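Worksheet: the structure to be examined is printed underneath.
In what follows, chains are A, B, ... by sequence order, proteins preceding strands, each numbered from 1. This one's a predicted model, so the numbers in the text were calculated from it and none came from an experiment.
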Amino acid sequence: MSTTARTPAPLLHSIVLDWYRENARDLPWRGPQATPWAVMVSEFMLQQTPVKRVLPVYAAWLERWPTPASLAEDAPGEAVRMWGRLGYPRRALRLHAAATAIAQQHGGEVPDDHAELLALPGVGEYTAAAVASFAFRQRHAVLDTNVRRVFARAVTGVEYPAPATTAAERRTAVELLPPDRATAAEWAVGVMELGALVCTARGPECGTCPLRRHCAWQQAGRPPHQGPARRGQSYEGTDRQVRGKLLAVLRESHGEVAQYRLDAVWPEPIQRARALDGLVADGLVEPVAQGFYRLPQ
DNA sequence: TACGCGTGGGG
DNA sequence: TCCCCAAGCGT
């Protein structure tokens, strides 16, 4: 797609790898002490939640459940409770379900096979590639929002990538993958880190970017995003907000919770009932007898 | 494919 | 203040 002369891939690799070795954050899910399970836990928590908020929950989670089997033995509701305020609590349920599948079908070991990872609950295209790459040092195109933004700018010359991952992006990611496994794995985390620290969505620090002399967006004069504004996430007054308030009450109460305590979180009864029904349908809440509810056991 | 799904921080 | 967005997934 790009028509400008591209920097040779090996040069890009050495630039990003050199930059990463100097600038990588010391995060607990990186490095040799992190087990594949620890990497998987971090990836679930980091889906749409910033690193800073993940750190304390990640530490407490692995302290309590150092293996998939240990989590699988506990109730899913305990996972939801431990998840705390990370948001999108269905991820906690899916992580518990993934741990159960690992315990029952993979001998308690996180699988190193990409297809087997992808088959686990809550593991999609990104997470499967991330775990295979970060935990097992395999060669995969790891396309998260950071990498997609770096490629959009440096390769395609636009400020932001499309809302959803495209075939063209996958092609670019595969073409730029270093040939050997170890280098590919470090490239993947390096490009991600560059997107997280320098090539950010707001206020990119192009002046200090190691790719500034190779970046198509920079060379084009950093043109602003074209086309329709990207749709924001509405929240105020949505079912999502009501679900959050309901679940917060359940999380903070041990045992069963009476209906009236849930009723107190939202004045509008139709929406409140719909939100509660949704939580039950998702398996995040269990109805008990006569108007009592609890986290799933 | 577009949408629903939480929560909080930084510009 | 308000708005944008933060290592996505499942339907």
Side-chain angles (χ1 to χ4, degrees), chain A residues 24-25 27-30 34 38-58 80 83-95 97-98 117-135 140-150 159-167 169 173 185 188-197 199-205 225 228-251 265 271 274-275 277-279 281-285:
Chain A
R25 291 168 291 179
L27 298 172
W29 44 84
R30 293 180 180 162
V39 172
M40 174 171 283
V41 169
S42 78
E43 291 303 334
F44 270 74
M45 292 182 174
L46 289 163
Q47 292 169 3
Q48 301 284 278
T49 302
V51 166
K52 183 180 178 182
R53 287 174 49 212
V54 163
L55 286 169
V57 181
Y58 167 87
V80 173
W83 197 255
R85 305 187 70 79
L86 288 184
Y88 292 149
R90 293 189 296 190
R91 290 182 292 163
L93 230 40
R94 290 172 183 153
L95 183 51
L117 287 165
L118 195 55
L120 295 171
V123 176
E125 176 183 359
Y126 162 75
T127 303
V131 173
S133 180
F134 304 156
H140 294 281
V142 182
L143 272 175
D144 79 320
T145 188
N146 291 303
V147 176
R148 296 183 60 227
R149 188 174 53 249
V150 172
E159 186 177 17
Y160 297 121
T165 305
T166 64
E169 287 179 281
V189 71
V191 178
M192 274 182 67
E193 191 77 337
L194 186 63
L197 297 183
C199 191
T200 56
R202 281 183 296 185
E205 298 173 30
H225 175 70
R230 298 163 313 159
R231 57 183 318 108
Q233 311 160 320
S234 59
Y235 183 65
E236 196 64 30
T238 61
D239 287 6
R240 218 173 353 159
Q241 183 184 22
V242 184
R243 287 168 58 108
K245 289 176 176 294
L246 290 170
L247 204 58
V249 173
L250 274 295
R251 265 200 319 264
V265 308
Q271 186 179 28
R274 186 173 65 234
D277 286 349
L279 289 171
D282 288 346
L284 283 162
V285 174

Can you name the side chain to side chain donor-acceptor pair (under 3.5 Å) partners of A:Asp282, sequence neighbours left out?
->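 With sequence neighbours excluded, A:Asp282 shows a side chain to side chain donor-acceptor pair (under 3.5 Å) to A:Arg243, given in chain and number order.
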
Could you list the residues that satisfy side chain to side chain contact (heavy atoms under 4.5 Å, CB included) with [X], not counting sequence neighbours?
X        : answer
A:Thr166 : A:Ala162, A:Ala168, A:Glu169
A:Val242 : A:Leu246, A:Trp266, A:Gln271, A:Ala275
A:Thr49  : A:Arg53, A:Val54, A:Leu86, A:Arg91
A:Arg202 : none

Taking the same atom, [atom1], in [N] and in [M], what whole-Å distance lies between them?
N     : M     : atom1 : value
C:dA6 : B:dC5 : C1'   : 14 Å
C:dA7 : B:dC3 : P     : 22 Å
B:dG6 : C:dC3 : P     : 22 Å

Taking the nucleotide of DNA chain B with the closest heavy atom to each, which residue, A:Ala164 or A:Arg243, is nearer the 5' end?
->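 On the 5' side of the pair lies A:Ala164.
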
Nucleic acid footprint by protein, nucleotides 5-11 of chain C - heavy-atom cut-off 4.0 Å, B for base, S for sugar-phosphate alone | BBBBSS-

Identify the 5'-most and 3'-most nucleotides of DNA chain B with at least one atom closer than 4.0 Å to a non-hydrogen atom of chain A.
->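 The footprint of chain A covers B:dC3 to B:dG10.
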
With sugar-phosphate meaning primed atoms plus P, OP1 and OP2, does A:Tyr235 contact a base, only sugar-phosphate, or nothing at under 4.0 Å between heavy atoms?
->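 Base, at least one base atom sits under 4.0 Å.
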
Have a look at A:Leu86 and say if it touches a base, only the backbone sugar-phosphate, or nothing, with a 4.0 Å heavy-atom cut-off.
->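 Here A:Leu86 touches the bases of the nucleic acid.
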
Which salt bridge (charged side-chain N to carboxylate O under 4.0 Å, His left out) pairs, counting each pair once, include a residue from residues 121-132 of chain A, with sequence neighbours left out?
->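 The answer is A:Glu125-A:Arg170.
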
Answer yes if the side chains of A:Gln47 and A:Tyr126 hold a donor-acceptor pair under 3.5 Å, and no otherwise.
->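 A:Gln47 vs A:Tyr126: no donor-acceptor pair found between side chains.
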
For A:Tyr58, all residues meeting ring pair (Phe, Tyr, Trp, His ring centres under 6.0 Å), sequence neighbours excluded =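 Scan of A:Tyr58 (ring pair (Phe, Tyr, Trp, His ring centres under 6.0 Å), adjacent residues dropped) gives A:Trp29.
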
